[in-house]
Amino acid sequence: MDKNSDEYLEALRHTASHILAQAVKRLYPETKLCIGPAIEDGFYYDFFRQEPFSPQDIENITFEMEKIVRDNLTVERIDCDRKKAAELLKDEPFKMELLNEIKGEKISFYRQGEFIDMCAGPHASSTGEVKYFKLLNVSAAYWRGDEKRESLQRIYGVCFPEKEQLDLYLKNLEEAKKRDHRILGQALGLFSLQPDFGPGLVYWHPNGATIRKVIEDFWRDAHFERGYHLLYTPHIASISLWEKSGHLSFYRENMFPSMNFEQGFPYQLKPMNCPFHILIYQSTLHSYKEFPIRWAELGTVYRYEKDGVLHGVLRVRGFTQDDAHIFCRPDQIENEVTELLDFVMYFLSSFGFSEYEIYLSTRPDRFVGTVENWEKATKALENALIKKSLSYQIDPGEGVFYGPKIDIKIKDCLKRTWQCSTIQVDFNIPERFGLKYVNQENQFERPIMIHRAIMGSLERFFGILIEHYSGNFPVWLAPVQVKILTVADRFIPYAEKVLGFCRKNKIRADLDGSSESLGKKIRTAENEKIPILAVIGEKEQLTETLAVRLHKKGMKGAVSVGDFVRKIKEIEETKSIEIDF
RNA sequence: GCCGCCUUAGCUCAGUGGUAGAGCAGGGCACUUGUAAUGCUCAGGUCCGCGGUUCAAAUCCGCGAGGCGGCUCCA
C-alpha cells in the first residue's frame, strides 16, 4: 500500500490514536474512552477523567505508547452483534451512547493486545507501523462538541510514516513559532496589546503605524481607480439603529453592552458598518442611473469576543474592516462580483499572496428573502467565479441567513490558510430599512446590496503579513526602508545630507549616528530586519556614494546617491520582494 | 465561557520559606572604529492584585485579573 495515500495515512493515524488510548488505559484504568479520530497530520483521543493529564503524565503515556509500538501488536477486526457489543462496552458509558445511535446489527471492534475499542476502522495491520509520532498538547473538549455536556480531556498527537516527515513537521512548528506575530510585533516595535487596560485592543506603534499607513494609501488609491467613494461614519449610534438593522436580535452576544445616559436612547458601540452606510444611502433619493454605487470605509468596529478566543492581533475586540457596500440592480450582481474578484486578486497578490482557496456558500436552513432571489444571486456569484475561471468549492447551506457569499482564503508561505476576503449578497438589510431607487419606469424598486471586504480586518491582515514575511517586509511595506550607518562620527554631516536627500524623495530612511562600532550598528540593523543599509565612511564621502548592504544578503558595493534613490523608488513601485543592487 | 499551564527589571529568564539576581536593552564616560556584539560605569523592582498560613512568603494555600495551549466561536 502506498505509504502516502490518504487512506493509509488515515489508518496509520487512527491506529496511533488507539495506541494512545491503550497506553492511557494501562496507566489510568479509571479513564473512560470517548472518541479518537485521525486528523490532518495526526490524531487525537478524548478521555473522561477527573484528574487532569499533567506534562509528566504525557511523558509517561508517550513512554507506554513507544512500548506498545515496540511490541508490534497485531490489530484485528472483530465483528459482533449489538448484544455482544453492549457487553464489551459495559464500562464505557460514552461508547455506549454512541452504540445506541448506530443503526444496524453488525458492530465492528478493533483489538490490539488487551485493548479493544468500538471503531469503524480501517487501521494499520499492527502497532509496529506507528513508529514516528509525538504527543503535542492536551486541551479541553466537550463531549460531542456540546458545552452543556461533559468536559473531556483531549490529547493531540502527530504521526507520519517516515521519520523525516515528523522531523519536518516539528521543524515547521518551530519555524511558525519563530514567526509568531506576537513575538515579532514586540521585537520590531510594530504593535502592542495592553491587557491590563482592556484585552483584545490593539496599539499600533510607530513602525506598525507606518506599515498601516502604506497599506491604507494603497487601499484608497486602488478604490478610487475602481470607482469607489469613501465614507467615514461614527463609532457609536443610538441603540434604535441596531434595533432597526436587526443586529440587536441576531448579533447581540457579540456586541458590547450599551451606554446608558440619563435621558434619551442608550448608545451602542458599532459591531458593523453597514447600517451607517444605509443611512447615508437613505439621505437622498436614488435613481437606477447612479448604479452601481460603490462606497468604502476603513471602519473600526468593536465586537465582544469571549476571552478565551483572543489571539494577538488575529482575533481581537476592536478592529478596522476594509468594508465596502455596493448598491445595484439584481442584473448587475454578476458583473459587480466579477470585478470584485479581479480587485481581490489584484490586491492580495500585491502583498505576495497568490494562492487561494475559494468557497461559495449557499442557502442555509434558516434564511430571509425568497428562494427565487437566493437562487438568482447564488447563480450570479457562481457565474462570476466561472467567468474568472477560478476553481472553488461549494459549502452547501453555509451561507449567512441574509444571503449567499463567496469567501476567499489566502495561503501563506507555511501553507496555512487564512480567511480574509468575503463577498456577500444581503437580502435582509435593504428590506429592513426599506431601501429603494427609482427605475426606468419611474417606479420604486428595492436595490441589491453587496457587502465585501478584501483584507477583512486590518489588524488581522497585518498579523498575517508579519508571519508571512517573518518580519522581513518587502521594501514597499518596510517601516524603515533604509538605515544609514556611519563608520565614524566625523561622517555624520555627510550622512545627514544623504538622509535628507532620501527623505526628500519620500524614502523612509533613518540614520544610526551612534558612537558604536560599525559591526554593532550592522548587527542592530540586521536584527531590526531593515531591508537596505547604507554605510558611509571616508571613501563614500569623497566620492559622494554610499556602500549598500542588503538584509541577509550582505555587501553589494558602492552606488551614487542618485542611483541609490532611483533604484529604491523602482523597487517600491514594483512592490518587488526579492531585491538586488 | 470551559480545561490545563503560566505571570520576577523595558525584553529574555534564574531564584521554590530566611538581605531580589543575570544577560540584553537604557543613561554616563572613554574609544572613532570599514560590514553581525569595544571597554568601563550607573540606574532600573508593588516579584500581577487581594486575602490567608507562618517568627518570616517572590516561594505555601484561597480568590481575582491577565497571558499561553487547545475546545466552542470567528474578521
Side-chain angles (χ1 to χ4, degrees), chain A residues 44 46-47 49-55 57-58 136-156 177 180 182-183 186-187 189 192-200 253-254 271-272 299 301 303-323 407 409 418-422 451 453-464 485-492 513-528 533-540 547-558:
Chain A
Y44 68 77
D46 285 346
F47 301 100
R49 178 172 180 250
Q50 294 304 334
E51 281 283 288
F53 291 112
S54 68
D57 292 336
I58 295 300
L136 291 181
N137 44 41
V138 189
S139 83
Y142 298 110
W143 172 239
R144 322 207 85 174
D146 182 348
E147 55 186 295
K148 290 181 196 70
R149 299 294 306 266
E150 294 84 344
S151 182
L152 312 172
Q153 296 189 60
R154 177 173 296 177
I155 301 179
Y156 281 93
K177 221 187 250 175
D180 192 318
R182 293 164 300 182
I183 293 167
Q186 178 182 272
S192 68
L193 299 155
Q194 306 287 341
D196 293 346
F197 301 98
E253 62 182 39
N254 278 299
M272 294 196 183
V301 296
R303 297 182 183 175
Y304 180 77
E305 299 284 355
K306 291 177 179 178
D307 55 32
V309 307
L310 300 174
H311 184 87
V313 298
L314 297 179
R315 188 79 184 273
V316 293
R317 284 182 176 159
F319 61 96
T320 302
Q321 290 182 310
D322 64 320
D323 212 351
D407 288 327
K409 294 184 182 183
W418 304 93
Q419 207 219 301
C420 294
S421 316
T422 184
H451 307 255
I454 302 176
M455 294 179 277
S457 135
L458 269 156
E459 287 74 5
R460 180 184 165 79
F461 192 71
F462 183 41
I464 296 166
L485 314 176
T486 48
V487 171
D489 292 354
R490 64 180 181 282
F491 307 116
I492 288 177
S514 64
S515 306
E516 294 292 345
S517 66
L518 180 62
K520 177 63 183 293
K521 291 188 212 187
I522 286 171
R523 183 182 157 82
T524 303
E526 289 284 348
N527 287 336
E528 289 167 339
L533 303 183
V535 176
I536 283 176
E538 190 76 46
K539 274 180 289 183
E540 290 75 22
V548 175
R549 181 191 164 105
L550 299 180
H551 178 54
K552 285 186 166 171
K553 288 186 167 169
M555 265 221 303
K556 286 292 160 184

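Hydrogens, waters and symmetry mates are skipped; everything else that's a heavy atom, side chains included, is used.
- Using a 4.0 Å heavy-atom distance criterion, Ala547(A) is classed as a base contact.
- In this structure, His311(A) reaches the G69(B) phosphate: one of its side-chain N or O atoms is under 4.0 Å from OP1 or OP2.
- On the C1' atoms, G51(B) is 47 Å away from C40(B), given to the nearest whole Å.
- Using a 4.5 Å heavy-atom cutoff, the side chains of Arg303(A) and Pro271(A) are in contact.
- Pairing of G69(B), defined by two Watson-Crick or G-U wobble distances under 3.5 Å, is identified with C3(B).
- At least one side-chain nitrogen or oxygen of Tyr156(A) sits closer than 4.0 Å to the OP1 or OP2 atom of C71(B).
- The separation between Asn527(A) atom CG and A37(B) atom P is 10 Å, rounded to whole Å.
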How does each nucleotide of nucleotides 22-28 of chain B score, in 5' to 3' order, for protein heavy atoms under 4.0 Å: base (B), sugar-phosphate only (S), or none (-)?
---S---
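- Between C50(B) and A65(B), the two C1' atoms lie 10 Å apart (nearest whole Å).
- Nearest to the side chain of Tyr142(A), among C71(B), A75(B), A36(B), sits C71(B).
- Comparing U38(B) with U33(B), their C1' atoms are spaced 9 Å from each other, to the whole Å.
- The gap from the P atom of G45(B) to that of C3(B) amounts to 37 Å, rounded to the nearest Å.
- Taking 3.5 Å as the limit, the base of C74(B) and the side chain of Arg303(A) contain no donor-acceptor pair of atoms between them.
- Between the side chain of Gln153(A) and the base of G70(B) there is no donor-acceptor pair of N/O atoms closer than 3.5 Å.
- Contact annotation: Arg144(A) does not reach the phosphate of U72(B) (side-chain N/O to OP1 or OP2, under 4.0 Å).
- Using a 4.0 Å heavy-atom cutoff across all strands shown, Glu305(A) reaches at least one base atom of the nucleic acid.
- Of the residues near RNA chain B, Asp180(A) and Glu253(A), the one whose nearest nucleotide (by heavy atom distance) lies more toward the 5' end is Asp180(A).
- Both the sub-6.0 Å distance and the 45° axial angle are satisfied by Arg49(A) relative to the ring of Phe53(A).
- When the C1' atom is used for both C2(B) and U72(B), the distance is 9 Å, rounded to whole Å.
- Under the Watson-Crick and G-U wobble criteria, each requiring two contacts below 3.5 Å, nucleotide U35(B) is left unpaired.
- Within the 4.5 Å cutoff, no side-chain heavy atoms of Phe47(A) are placed close to those of Arg154(A).
- Base pairing of G21(B) is made with C13(B), judged by Watson-Crick or G-U wobble geometry with both donor-acceptor distances under 3.5 Å.
- The side chain of Ser517(A) contributes an N or O atom lying less than 4.0 Å from OP1 or OP2 of U38(B).
- The closest side-chain donor-acceptor pair between Gln194(A) and Ser192(A) falls under 3.5 angstrom.
- Residue contacts shown for Gln194(A) are absent, as no nucleic acid heavy atom lies under 4.0 Å away.
- Partner assigned to A58(B) is none, using Watson-Crick or G-U wobble distances below 3.5 angstrom.
- Heavy-atom distances to RNA chain B give each of Arg317(A) and Gly519(A) a nearest nucleotide, and the one nearer the 5′ end belongs to Gly519(A).
- Nucleotide C40(B) is matched to G28(B) when pairs are restricted to Watson-Crick or G-U wobble geometry with both distances under 3.5 angstrom.
- Nucleotides U19(B) and A56(B) have their C1' atoms positioned 12 Å apart, rounded to a whole Å.
- Side chain Glu526(A) to base A37(B): no donor-acceptor pair is found below 3.5 Å.
- Residue contacts shown for Ala488(A) include a base, since a base heavy atom lies under 4.0 Å away.
- Distance from the side chain of Pro199(A) is smallest to G67(B) among G67(B), A75(B), C71(B).
- When both pairing distances are held under 3.5 Å, C48(B) makes a Watson-Crick or G-U pair with G64(B).
- Distance CD1 (Ile522(A)) to P (G34(B)): 11 Å, rounded to an integer number of Å.
- One cannot find a donor-acceptor pair under 3.5 Å joining the base of C71(B) and the side-chain atoms of Arg154(A).
- Asp196(A) comes within 4.0 angstrom of no nucleic acid atom, judged by non-hydrogen atoms across all strands.
- Nucleotides C48(B) and U8(B) place their C1' atoms 10 Å apart, quoted to the nearest Å.
- Base engagement by Val316(A) is indicated by at least one non-hydrogen atom pair under 4.0 Å involving a base atom.
- Among the protein residues, Lys539(A) comes within range of the nucleic acid bases, having at least one heavy atom under 4.0 Å from a base atom.
- Rounded to whole Å, the P atom of C68(B) lies 32 Å from the corresponding atom of G52(B).
- Interface remark: the Arg523(A) side chain does form a donor-acceptor pair with the A37(B) base, using a distance-only criterion of under 3.5 Å.
- Under the 4.0 Å criterion applied to side-chain N and carboxylate O atoms, Glu526(A) and Arg549(A) are assigned as salt-bridge partners.
- Using a 4.0 Å heavy-atom distance criterion, Glu538(A) is classed as a base contact.
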